[in-house]
Amino acid sequence: MKIGITCYPTYGGSGAIATELGIELAQRGHEIHFISYAQPFRLPHFMERVYFHEVETTRYPLFEHNNYSLSLAAMMHEVAIRAKLDLLHVHYAIPHATSAWIAREMLGDRYPLKIVTTLHGTDITLVGQERSYFDITRFSIQKSDGITAVSDYLKRETVDRFDVRADSIEVIHNFVEPRLYDRSAYKCHKDAFLPPGEMLVMHVSNFRPVKRIADVVRIFARIHKQVPSKLVFVGDGPERPVATAEADALGITDRVIFLGKQDSVAELLACADLLLLPSASESFGLVALEAMAAGVPVVATRAGGIPEVVEEDVTGHMGDVGDVETMADAAVSILADDRTWVRMSNAARQIAVERFGADVIVPQYERYYERVIAGDASAPAEPQLAAGGDD
Ligand code: GMT
């Protein structure tokens, strides 16, 4: 197949999954055309059958705000014609699904370009709920030939909030490439951060308010009282000052390290003993899966789609949003007992590979593309979804 992929190219789970998917599909013989404003951050310099089309926005004094959505639509239209795309797969509905719809309308009857939209999270639960975006988001989702959601939770949210038919959404969970997260493949950098015998607690995110960065610090402060350890933050974003202020207030500044944005998350996870993810909401929590694939137990909130990834008392523990005490106790129970840590580390890796390995998930996308191209994207009806409800 010839597939166009559009995603946010910067740091973030949706861009990471879109890029890894393109790479995996190219390795399986498909021709992949990334269409975005910058080269996706996880894309290596050259790969056979992988092309990148940079979307440039026109600068003109009249355009006080840039016209990215239009430039993107124009580029999608051009690439569809030149590369003879079978399908355009857009990640994150806003504005990508709208641009794809414009591109398809422009193509008209010349040939039937199919659009698949993958919903990732805040396109449904936050940004798409804004009054000014709601109608256009729903319209663009409904105009897609195929819709996938990265968790059952996100599918339910989409059905409830946007009144989209349940049988028009296919759940395809996020995935990891097991070899990339094989802990044993990396030199251990632990001694660069802390003395022998101490534990390395990690948090990886884009530091947005939804990540509850202050809770990360508060949980760690409680862990540190019982287990000699350091907290390593990977990533950056608007809430970073919150983390530094909280660490100062709790008197643990010297126990907290900020590494900033890093390309090689797999290599860093390979030296972690525990991942903290106390988010207010996560449609999936890709970093939890990445940690599990690296054999890192996870302590997280029981929020959104996280329970579809983290298995309670098997690959980690979960607490309610804001319940730092429970999550800290859970973390200590893992870190202070070797046998528990080894049991969870092994289970985490095993579940990540067996349930969420690229070899398991990517063929689901291939089969779904085939159904969309054949005009048969609707899944069998799932009446139990009518009850809705959260995790
Ligand atoms: O929707 C977002 O907030 C952005 C997006 C991203 O690019 O990181 O995150 C979402 O998509 C990820 C990949 O599917 C999921 O793992 C994250 O849980 C999800 N974020 C939220 O739901 C807050």
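Both ligands and their constituent atoms are indexed starting at 1 by order of listing.
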Who's touching ligand 1 if we go heavy atoms under 4.0 Å?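 Correct list: G12, G13, S14, Y92, H120, G121, T122, V150, N174, R208, S281, E282, S283, F284, G285, L286.
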Which residues satisfy the side chain to side chain donor-acceptor pair (under 3.5 Å) test with T340, sequence neighbours excluded?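 Side chain to side chain donor-acceptor pair (under 3.5 Å) check on T340 returns D337.
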Would you list the pairs meeting salt bridge (Lys or Arg N to Asp or Glu O under 4.0 Å) in which at least one residue belongs to residues 261-270, sequence neighbours left out?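 Those involving residues 261-270 do not exist here.
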Donor-acceptor contact present, side-chain S36 to main-chain C7, <3.5 Å: yes
Parallel, tilted or perpendicular: which one describes the rings of F139 and W101, with boundaries at 30° and 60°? perpendicular
When the ring planes of Y68 and H96 are compared, do they come out parallel, tilted or perpendicular, using 30° and 60° as the limits? perpendicular
Scan residues 227-275 for pairs that pass ring-ring contact (aromatic ring centres under 6.0 Å, His included), counting only residues two or more places apart or in two chains. H203-F233, F207-F233, F233-F258
